[in-house]
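The block underneath contains the structure these notes are about, expressed in structure tokens.
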Amino acid sequence: MSEGVLLRSKLDDNELVRRHRSGDRAALDELINRYRPLASGLARRYSYTSETADDLEQVACIGLVAAIKRYDPERGKSLRAFAVPTILGELRRHFRDTGWSVHMPRPLQERARDVREMTNKMTAELQRSPKPREVAERMNLSVEDVIESRAVRRAYSPDSLDAPPAPADDDSPRSWDSLYGAEDDGYSRVETHTVIERAMRALPDREQQIIRLRFGAELSQAEIGDALGISQMHVSRLLRRSLDRVGAIVSL
């Protein structure tokens, strides 16, 4: 394309921008149609992701409209040159804000991206995967930061619980959820025991002793009476009263 054609194209863009700012809707539509192929081309750079082509192009067009609205012809820069970084910025923002399966703070996302890029660069240089310590030294980070950043990257597209954690064979688990234990009923028994113990502290020492001998040592009421030097009938009354009080406290 000759310099004259480029100049005419720039002047046409500038004139359309001025008309759009004067309220001419048709001028905005013309600019969008003129630069939509540019937006579509930039969106295709992210075709390797899980996002659909239609969604990516829509995000790119949002960036294009934003570029048109913010473009200042007086600065001497062409609309195309101004639109490219604006559209790419909108696409990157989209992936930062909505592309992650598990939400991560933006500083962590950006650091995870930088660590990945440095890891790829060092892999090409060293002809092997760099160790976290080597990446940390190159980026002036702590080893913990590098390890955390690598873990954060897995939050972008986590594995399904139905996916096998390793090549399936007769000895390996069939899916990730098979590695998780079932709920232990013992926890509820421990909680119940704790509540009852707390309630028993409100009882007199003798009544606590009677309950422990009856349900802990599994003595009969007669045996408890013999051990405490009281009648079986008295043991029965004390036991019934104690259990009623414990039940009332537990139900509060």
Practice problem: Please test Arg201 against Glu197 for salt bridge (Lys or Arg N to Asp or Glu O under 4.0 Å), starting from the C-alpha separation and ending with a verdict. | Solution: CA-CA 7 Å; Arg201 295 192 194 106; Glu197 281 289 334; 5.4 Å; no
Quiz prompt | Intermediate values then yes/no, salt bridge (Lys or Arg N to Asp or Glu O under 4.0 Å), Glu57 and Arg44 | solution = CA-CA 8 Å; Glu57 185 168 349; Arg44 282 195 294 273; over 6 Å; no
Practice problem: Verify side chain to side chain contact (heavy atoms under 4.5 Å, CB included) between Val84 and Leu88, making sure each step is shown before the conclusion. | Solution: CA-CA 6 Å; Val84 169; Leu88 290 176; 4.0 Å; yes
Quiz prompt | Nearest-0.5 Å distance that lies between atom OG in Ser40 and atom CZ in Arg45 | solution = 13.0 Å
Quiz item: What pair of heavy atoms forms the shortest contact from Ala124 to Gln127, and how long is it?
Solution: O-NE2, 2.7 Å
Could you list the donor-acceptor pairs under 3.5 angstrom formed between side-chain atoms of residues 233-241 and any protein atom two or more places apart in sequence or on another chain?
residue : atom : partner : partner atom : Å
His234  : ND1  : Arg237  : NH2          : 3.4
Arg241  : NE   : Glu207  : OE2          : 3.3
Arg241  : NH2  : Glu207  : OE2          : 2.5

Quiz item: Looking at Leu64 and Ile32, what are the two nearest heavy atoms and their distance?
Solution: CD2-O, 3.8 Å
Quiz item: Do Asp226 and Gln232 touch side chain to side chain, with heavy atoms closer than 4.5 Å?
Solution: no
Self-check item: Close side-chain approach of Arg138 and Pro130, heavy atoms under 4.5 Å
Solution: no
Quiz item: Going through the checks in order, is the side chain to side chain contact (heavy atoms under 4.5 Å, CB included) test met by Phe82 and Arg70?
Solution: CA-CA 9 Å; Phe82 182 79; Arg70 295 203 299 265; 4.0 Å; yes
Self-check item: By side-chain hydrogen bond (donor to acceptor under 3.5 Å, both in side chains) - contacts of Ser129 (at least two apart)
Solution: none
Self-check item: Leu228 with Leu203, same ILVMFWY side-chain cluster at under 4.5 Å
Solution: yes
Practice problem: Show your reasoning for whether side chain to side chain contact (heavy atoms under 4.5 Å, CB included) applies to Asp13 and Arg80. | Solution: CA-CA 9 Å; Asp13 289 343; Arg80 180 186 180 86; 6.0 Å; no
Quiz item: Is the closest side-chain heavy-atom distance between Val146 and Thr119 below 4.5 Å?
Solution: no
Quiz item: How about Glu218: does its CD atom have over 12 heavy atoms from other parts shown lying under 6.0 Å from it?
Solution: no
Exercise. Measure the spacing between NE2 of His94 and CG of Leu56 and express it to the nearest 0.5 Å.
Key: 6.0 Å
Quiz item: Are Val143 and Leu126 connected, step by step, through hydrophobic side chains (Ile, Leu, Val, Met, Phe, Trp, Tyr) whose heavy atoms are closer than 4.5 Å?
Solution: no
Self-check item: Within 6.0 angstrom of Gln58 CD, more than 12 heavy atoms from elsewhere
Solution: no
Exercise. Measure the spacing between CG of Leu31 and CG of Leu16 and express it to the nearest 0.5 Å.
Key: 4.5 Å
Self-check item: Atom CZ of Arg128: over 12 foreign heavy atoms under 6.0 Å
Solution: yes
Quiz item: Nearest 0.5 Å, what's the CE-CD distance between Met139 and Glu134?
Solution: 14.0 Å
Self-check item: Gap separating the CG atom of Asp145 from the CZ atom of Arg111, nearest 0.5 angstrom
Solution: 4.0 Å
Quiz prompt | Closest non-hydrogen atom pair between Leu91 and Ala60, with its separation | solution = CD2-N, 4.1 Å
Practice problem: Using the test side-chain hydrogen bond (donor to acceptor under 3.5 Å, both in side chains), find all partners of Glu223 that sit at least two apart in sequence or belong to another chain. | Solution: Ser220
Exercise. Check whether more than 12 heavy atoms from other residues, nucleotides or ligands sit under 6.0 Å from atom CG of Asp72, and answer yes or no.
Key: yes
Quiz item: What are the two closest heavy atoms between Pro204 and Arg245, and how far apart are they?
Solution: CD-NH1, 3.6 Å
Quiz prompt | From CA spacing to verdict: salt bridge (Lys or Arg N to Asp or Glu O under 4.0 Å), Arg93, Glu90 | solution = CA-CA 5 Å; Arg93 188 177 304 108; Glu90 190 67 32; 2.8 Å; yes
Quiz item: Do Val115 and Leu141 touch side chain to side chain, with heavy atoms closer than 4.5 Å?
Solution: yes
Exercise. Decide whether Thr123 and Asn120 meet the rule of one side-chain donor and one side-chain acceptor closer than 3.5 Å.
Key: no
Quiz item: In this structure, are over 12 heavy atoms from other groups packed under 6.0 Å from Asp205 atom CG?
Solution: no
Self-check item: Minimum-distance pair of heavy atoms, taken over all atoms of Ser149 and Ala112
Solution: O-CB, 3.6 Å
Self-check item: side chain to side chain contact (heavy atoms under 4.5 Å, CB included) between Glu117 and Asp114, intermediate numbers included
Solution: CA-CA 5 Å; Glu117 292 176 354; Asp114 294 341; 4.3 Å; yes
Quiz item: Same cluster for Val65 and Ile68 if Ile/Leu/Val/Met/Phe/Trp/Tyr side chains link at under 4.5 Å?
Solution: yes
Practice problem: Keeping the roles fixed (side chain from Gln208, backbone from Met200), state whether a donor-acceptor pair exists under 3.5 Å. | Solution: yes
Exercise. Indicate yes or no: does Arg133 engage Glu137 in a salt bridge with an N to O separation below 4.0 Å.
Key: yes
Exercise. Output the distance between atom CG (Leu28) and atom NE2 (His20), rounded to the nearest 0.5 Å.
Key: 5.0 Å
